[in-house]
Amino acid sequence: EIYSFVIDGVLFLGQGLPWPQPENTPNDDEWLDYLMINANWTRERIIKHISINNDNEGDGRTTKAVVILAHAAPEPYFAELKTIASTHAQIPILFLEDYHYFEEETYPDIPNLYRIALDDTVTPTSITVDTDAIPTAGVMGSGRRIMNITDVFRYDRRCPCSSSHRPTRLISYSKAKGGKEECEGVCDTNDLCHGENVCGMDGATCW
């Protein structure tokens, strides 16, 4: 689960960050050690790539952004990530995790950090990293241009029951408790999806 690679100046980091269940929860010391190993590895990889850039380019800007892929954002890992982001304020960082509901969170005191949690309804979400939206080192901190993290990382999210659903399309849903269809309300987590096709329409069948 722990891996890294670079594409077009964007450093991708895979983190081994599961959310333990009661049957497989480690003891507190082991869990804390595991989280700190992940956080320290993240810190080391970012520092390494910035150092490589300084050696090769002289300005530390070749690593333009960081995307961290994980299952969850447990503490104290995420607190450590906030410290890392604050230390490298010129580098926009996206933390992408899996959750039961779609969430997005920015941090006014750490404007280069962005968290997006994808939902468990398998809603296709396209995320674009726009490195042209990152202020240059000379502009950062001058007061003339502030990094807008949601311009750097933009998402296009589709609904499970939508006719424009991509790249896959869910066409059947099982009954939930209380007689309601399982897909009822699945699009309500995103304001952009209100009014789009729902259960029983456009070939989406409930059974």
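We're numbering straight along the sequence, starting at 1. Note: hydrogens, waters and symmetry copies are ignored here, and every other heavy atom, side chains too, is used.
Side-chain contact, Thr128 with Asp130: no donor N or O sits under 3.5 Å from an acceptor N or O.
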Hey, can you pull the donor-acceptor pairs under 3.5 Å for the side chains in residues 73-82, sequence neighbours left out?
residue : atom : partner : partner atom : Å
Glu75   : OE1  : Ala79   : N            : 2.9
Tyr77   : OH   : Gln15   : OE1          : 2.7
Tyr77   : OH   : Thr42   : OG1          : 3.4
Glu80   : OE1  : Arg43   : NH2          : 2.8

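Contact check for Ile149 versus Leu113: no side-chain heavy atoms found under the 4.5 Å cut-off. Between Tyr3 and Leu69 the shortest side-chain heavy-atom distance falls below 4.5 Å. By the 4.5 Å heavy-atom criterion applied to side chains, Leu13 and Val67 are not counted as neighbours. Two residues are said to be in side-chain contact when any heavy atoms from C-beta on lie closer than 4.5 Å; Ile127 and Arg154 fail this criterion. Here the side chains of Val66 and Ile68 are in contact, with some heavy-atom distance below 4.5 Å.
Ala65 and Val129 make their closest contact through CB-CG1, 4.2 Å (heavy atoms, listed as atom of the first residue, atom of the second, distance). Heavy atoms only, all atoms of each residue included: Tyr114 and Tyr155 are closest at OH-CE2, 3.7 Å. Residues Ile7 and Phe12 approach most closely at CB-CE1, 4.1 Å, considering heavy atoms. The two residues Gln90 and Met147 come nearest to each other via the heavy atoms O-CE, 3.7 Å. In terms of heavy atoms, Asn112 sits closest to Ala85 at ND2-O, 2.9 Å. Heavy-atom minimum distance, Arg115 versus Glu97: NE-OE2, 2.5 Å.
Atom CG of Asn27 has more than 12 neighbouring heavy atoms from other residues, nucleotides or ligands inside a 6.0 Å radius. Residue-environment remark: CG (Asp28) stays at or below the threshold of 12 foreign heavy atoms within 6.0 Å.
Atom OG of residue Ser4 and atom CD1 of residue Ile46 lie 10.5 Å apart, to the nearest 0.5 angstrom. Note that CG of Asp151 is 11.0 Å distant from CD1 of Ile134, once rounded to the nearest 0.5 Å.
Listed by chain and residue number, nothing satisfies the salt bridge (charged side-chain N to carboxylate O under 4.0 Å, His left out) test with Glu104 (two or more places apart in sequence, or in another chain).
Linking ILVMFWY residues whenever their side-chain heavy atoms come closer than 4.5 Å, directly or via other members, leaves Met36 and Trp31 in distinct clusters. Both Val6 and Phe95 belong to a common hydrophobic cluster when Ile, Leu, Val, Met, Phe, Trp and Tyr are linked at side-chain heavy-atom distances under 4.5 angstrom. In terms of hydrophobic clustering, with Ile, Leu, Val, Met, Phe, Trp and Tyr side chains grouped at heavy-atom distances under 4.5 Å, Ile2 and Leu11 are assigned to a common cluster.
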